[in-house]
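Accompanying notes for the structure given below.
First the proteins, then the strands, lettered A, B, ... as listed; each starts at 1. Keep in mind that this is a model prediction, so the values were computed, not measured.
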Amino acid sequence: MSGPVHRAPLEAARAAEGPPLLADEAEGVLRESLSMAEADQAEAILEAQDSSLTRFANNEIHQNVTARDHALTLRVIVGKRSGTATTHRLDSSALRQLADRALAIARLSPEDPDLPEPAPPALVPKLDAFEAATAGSTPEARADAIGSVLRGAREAGLNAAGALSTSASLLAVANRRGLFVSQPETYSNFTCTVRSQNSSGWVDRHRRDVRALDVAKLGQIAVEKAERSRDPQPIEPGRYTVVLEPAAVSELVSFLTSLGLGAQAELEGRSFMAGRMGQPITGERATLTDDPFDPRAFGKPFDYEGTPRRRVVLVENGIARAVVHDRRTAKKSGAESTGHACPPPATEGPQPYSLVLAGGDQSLSDLVSSTERGILVTRFWYCRVVDPKKTIVTGMTRDGTFLIERGKLVRGLRNLRFNESVLEVLRRADAWGRELEPTVFDYTYNCVVAPALRVPEFNFTGVSPF
Amino acid sequence: MDEILDRALNAAQLAGASYADVRLVESRSQFIEVKNRQVSALQESGTMGIGVRVLVDGAWGFAASADPSTAEAERCAALAVRIARASARFRIDPVTLSPLAPAVTRWETPIEVDPFTVPLADKIALLVDASGIMERESGVKVAQGNMQFWEDRKSFASTEGARIEQRIVNSGAGLTAFAVGDDDFQVRSYPNSFGGQYESCGYELVRRLDLKGHAAETAATAAALLTAPVCPAGVTTILLDGAQVSLQLHESCGHPTELDRVLGHEANYAGTSFLTTDHLGKLRYGSEVVNIVTDATTPRGLGSFGFDDEGVPAQRADLVRKGRFAGYLTSRETAPLVGLASNGTMRAESWAHIPLVRMTNVNLEPGTWKLEDLIADTQDGIHMITNRSWSIDDKRYNFQFGTEVGYEIKQGKRGRLLKNCTYTGITPEFWNRCDAVCDASDWEIWGTPNCGKGQPSQTMRTAQGASSTRFRDVQVGVGARS
C-alpha cells in the first residue's frame, strides 16, 4: 500500500519529545510533490500532527485517544487555471496520483482572472512555538494530572467532566518559486466542568507548554464555581450590567472574524467594516489587533500561502483601520497580502487567527467589587449570528452565572439568553480587565486573547429552567 | 486488508485487551463552489487510515494512524492498550457492552449515478449557469452555487468475530444568493441553508434539485428581503416549513435523546440533557400529534447506513410516541446502563476518531394536513421558512431560531414577506403547542452536514425528516433591534 520512500524517515523523526516531522523531511516531501506537477506553477502545503486527548466524565476517565495524521495539499496552476487536491498518504505513488489529479482538475477548471501567482520566497520571523514537554506528554502523565481533579470532585460530592489534550504539529509550505517555510508547534488545553445536583462551574486554559497547566489548581476553580452557584435562582430577562470573564469576551469577539475582519467579506459588502474604514465603529477604548507574535495568541509566522504574517491593527481606539488579506484579495484590492490565507479551500477568504483585544488596568475582582448590581458571566454557549451587519449575536450563559450586589457575588442565577451587538458591547464597556487570557476555538482553531469587561445595559432576552 | 485488521486485533488481544475493534476507512470527497460564475473553490481530498479501539480492565483506549500498514496497525493496537491501562487507573465502573451477534456482511448506499463518475466540467457548467441566472438580480452581490460529494469505504472487524464492509455515498448541492443593501445583508438559499440539500444517494440528487430552474426565484427573494419589513415582536402562531422543523428536531429532540449526553459523558463540551432517565416513558414531551423516531434505514437519509461503527445493524426506534418521551439514541456501552440494548447510533467522523452516540435520521412522522389547508386554517400568524440562525442551551431547553424568510398569514392567506424572523421557546412547552403536522406529500428527509460533538471535536452528517408544522402561542421577533 504505502511505498518505502518516505515512511522510514517519517518514523525515524518521531522521537518522543520531537515534532511529528522534521523540517528537512517535510521539505523533501514537498519538493518531490512539486517536482511531479507538470504545470506552470505549483504550491504545496504539508501538515503533520500527533494529537492526544484524555477525557473524563462522572469522575472517571471515559475516553482516551491518540491519532497520528498528515495531509498534503497540492495546488497547480496552468495559465489562468488552477486545481487543488489533498492526500493523507505521502509515499511516491500517492504523490504521483495527487499531482495527476490536481493537474486534471486544473485543466477542467474555467479560467480565473483573479488567480494570483504563488508567493515569492521570503524570510519569516522565528517563532518559539514548540515545547518538548508537550510533545512528549504520555497517557500516564495525563491520567495522573487529571486524577487529582477526579479525586477532589468525588470527595466534595461533585461530578467532574473535561479533557486534557496535547498536540505536536508541523506546518510547511513550499512552491516552485523557491519558497519553503516550516514551523513546528505544540498546543495543550485543560478544560473542566464540575457539577453539583443543580449547578456547574467551568475552567478552560490553553497553553503551548503543558507544564503551564496547573490542572489541580484549575480544577479547583471549577469546583468553587459549582459550589458557589448551588441552587441558582431565576431573574427576569432585561438589561443588566454584566461582568464578562475573558472566555465570554473572547466568544463574542470571535464573531467579528467571520462577520467582517477579512478582506473577502469586505469586498463582498457583507462586512460590518465595509464602507466604514477610518470611521468609528465602536467605543474608543476598543483596540483589536491580529498579532501572531503575541506569545499568548498561538500565532504562526506565515500563512497557508507561505506569506509572512504581519501584525495588523484592525480596530484602533474604536476606528475601523484594516482588514486582513491573502494574495487573492490583495490582488483584487490593489493591496499586499498581510499573510492571512486560510487552509484550502478557504471559502471565506483570509481571516485573522490571533486576535488580541487590548485590556485595561483593573483586575476581575475590581470589576466585580465596583459593580452595584449586575451579573457575572463565566462563559457563553452556542452563540450564533442574528444580524450580521449589526454584529448581533444570540447565545446562552453557562457553567457559572452569578448575581452581583454591592460588589459581591450573592448567589447563582439560572442561565440566561442574550441578544447583543458585539460592537455595541465594546462601545458600552466601561471597565476593562488587565489580565488577558487566550481561547482557542475548536473547528476554526483561531485564537482570541481578551480581558474581562464590565458592560452596562447588556440585553438578556430569556431564561432557562436551570 | 484482512491482514491489517487481523494484525491489529491479534496485537490488541496479545497485549491484554478483553475486547477490540478496528476500523480501516478510506474516504474521498469533492467540493465545488462557484461565486458569480467563477469557480471559487474546487478541491478533492482523499484519506485512508486505521483506528483501533480496545477495552482493557474495563476501560477504553484508542489509537489511530494515517498509515494503514500492518506495522502501524500493530503499533496502534499496542498504544491503544497502553492508553486503556492509563484510563483504567481512574475508572470507577468497568465498561460493559450490550450483547451483539457479530455480523459478517457487506452493505452499500443505493445510488443511481456515481457522483465521482460525472464529468467535473458538467458540474461546473451547471453551477456557473445557475450562478449567472442569480447574478442578474440587482441587489444580489454574491450568487453562489455548490456541490459536495463523499464516499466512505469502511472495513470493520472485532474480536467478537464481526467483519463488515460498507460503501457509503453522500451527495449535496444548493444555491445561495447574498443581497447587500444599506446597512443590511440578506441571504436566500435553495433548497435549504448550509449549502443546500444533502442525501445518501448519487448525482441523481443534483438532477432532481433543478438548480437552474430555481435560481431566479432564489435571487429575487434575497433582493426583496432588503426592503421587506422586519418580523414583528409578539406572541403568535407560527407555521414552520419542513427544513426549519428539521433543524428544530435536530437541536431539541435529537441531541437531548443522545444517551451519552444524558449520562454526563458530554457535560464539559456539548452539554447534558433535560431528558433524564426518570422521564423515560413518562414525560409529555409534545402534543398528541408529535411522533418522532430515530431511523437509520430511512431511504436517502444522510444518516443512513447498514451498520454503525460498533457493528450494530441500522434500526428504527421510537423517541417520542403520541407526545410521550419514549426512547434514546444508544450505544453498546450506554444502553446497558439504563437496561436497554444498543439501537445502533455509534458513528465516527473518520478513522482518526472514536465512534460516539450520534443522530442517524431523526424523523417527525407525517401528520394529516395538506399545507394549503393548514395555511387556510390559520387566522393570524407567520410562515417561517429555511433556517438562518440557531442556538440552544446546554440542556436543550431554551432555544432561539431565525429563518431566512417569513410570510404573514392573515385570515388564512399568505401575505407580506418579512425579514429577520426569529422565534424562541422552551423545548417541551414548544412541542406541546404543536397542533398540526402536514402529511407525507410535504415531508422530506433534510440533511445536516455539520453536526458537531465530542472532544476532539467531530463533525457528523445527520438527517431529520419533517413536513410543515404549526405551533401556537410562540414568542417571535426576538433580538433584531433596529
Side-chain angles (χ1 to χ4, degrees), chain A residues 1-2 53 55 57-70 84-88 101 105 108-110 112 139-140 143 147 150 161-163 191-193 195 268-270 344-345 347 381-382 384-389 392 394-396 398 415 417 419 442-443 461-462 464-466, chain B residues 31 33 38-48 59-69 79 82-83 86-87 89-92 120-121 124 141-142 178 180 183-185 264-265 267-268 352 354 389-395 397-398 400 402 420 422 424 452 455-457 478-480:
Chain A
M1 189 173 301
S2 296
L53 184 143
R55 197 176 193 206
N58 298 321
N59 295 337
E60 61 182 348
I61 293 175
H62 71 311
Q63 292 165 12
N64 206 343
V65 302
T66 189
R68 172 175 292 175
D69 196 6
H70 37 245
T84 304
T86 299
T87 183
H88 290 244
R101 194 57 204 154
I105 292 170
L108 287 165
S109 296
D112 178 356
E140 292 83 8
L150 303 181
T191 178
C192 180
T193 303
R195 293 181 292 152
E268 292 176 353
R270 36 188 188 87
T347 54
W381 162 249
Y382 221 127
R384 291 294 184 274
V385 176
V386 174
D387 187 325
K389 276 281 194 177
I392 295 175
T394 187
M396 296 295 306
R398 181 176 172 182
N415 287 302
R417 172 168 295 287
N419 280 264
D442 56 358
Y443 294 103
T461 55
S464 276
F466 66 99
Chain B
F31 174 64
E33 181 189 84
Q38 292 294 323
V39 175
S40 50
L42 203 174
Q43 186 162 17
E44 293 192 356
S45 297
T47 179
M48 186 173 185
W60 287 115
F62 175 81
S65 172
D67 177 8
S69 61
L79 183 53
R82 178 182 166 188
I83 290 170
S87 306
R89 292 166 49 216
F90 297 96
R91 184 85 206 176
I92 299 169
L120 194 52
I124 292 170
K141 180 89 172 177
V142 179
F178 299 96
V180 177
D183 207 25
D184 198 8
F185 168 59
H265 294 187
N268 173 250
I354 56 168
S389 180
W390 67 106
S391 170
I392 190 163
D393 72 37
D394 57 290
K395 286 189 192 232
Y397 267 126
N398 183 313
Q400 179 176 318
N420 300 351
T422 56
T424 189
Q455 294 163 306
S457 52
V478 193

Practice task
Kindly say whether A:M396 contributes a backbone atom to a donor-acceptor pair with the side chain of B:D393 at under 3.5 angstrom?
Solution key: no

Practice task
Would you confirm whether B:S391, through its side chain, and A:R384, through its main-chain N or O, come within 3.5 Å as a donor-acceptor pair?
Solution key: no

Taking every non-hydrogen atom, the tightest pair across [X] and [Y]:
X	Y	answer
B:A41	A:T347	CB-CG2, 3.9 Å
B:S87	A:N64	OG-ND2, 2.9 Å
A:A161	B:N268	O-CB, 3.5 Å
A:T84	A:P344	CG2-CB, 4.3 Å

Select one option (side chain, backbone, both, neither) describing which atoms of [X] are under 4.5 Å from chain B's heavy atoms.
X	result
A:V65	both
A:R270	both
A:I105	both
A:Y443	both
A:L108	both

Portion of [X] that has a non-hydrogen atom of chain A nearer than 4.5 angstrom:
X	result
B:I392	both
B:E33	side chain
B:A59	neither
B:D184	backbone
B:L42	both

Problem - Lys/Arg N to Asp/Glu carboxylate O, A:K389 vs B:D183, below 4.0 Å - result: no

Practice task
Salt-bridge test for A:E140 and B:R82: reply yes if a basic N is under 4.0 Å from a carboxylate O, no otherwise.
Solution key: yes

Partner chain A: residue of [options] with the largest heavy-atom pair count (under 4.5 Å):
options	result
B:G452, B:A86, B:S40	B:A86
B:V180, B:T424, B:I92, B:I124	B:I92
B:F62, B:Y397, B:F90	B:F90
B:H265, B:Q38, B:Q400	B:Q400
B:L79, B:D394, B:L120	B:D394

Problem - Any donor-acceptor N or O pair under 3.5 Å, side chains A:R417, A:S464 - result: no

Exercise for the section: Go through the steps to decide whether B:Q455 and A:T191 satisfy the test side-chain contact (heavy atoms from CB on, under 4.5 Å), and finish with yes or no. Expected result: CA-CA 10 Å; B:Q455 294 163 306; A:T191 178; 3.6 Å; yes

Quick check on the interface: out of [options], who has the most heavy-atom pairs with chain B under 4.5 Å?
options	answer
A:P139, A:S109, A:G395, A:A85	A:P139
A:H62, A:E268, A:R398	A:R398
A:C192, A:P465, A:G147, A:A57	A:P465

Exercise for the section: May I ask you to check if B:K141 and B:F178 form a cation-pi contact, with NZ or CZ under 6.0 angstrom from the six-membered ring centre and within 45° of the axis? Expected result: no

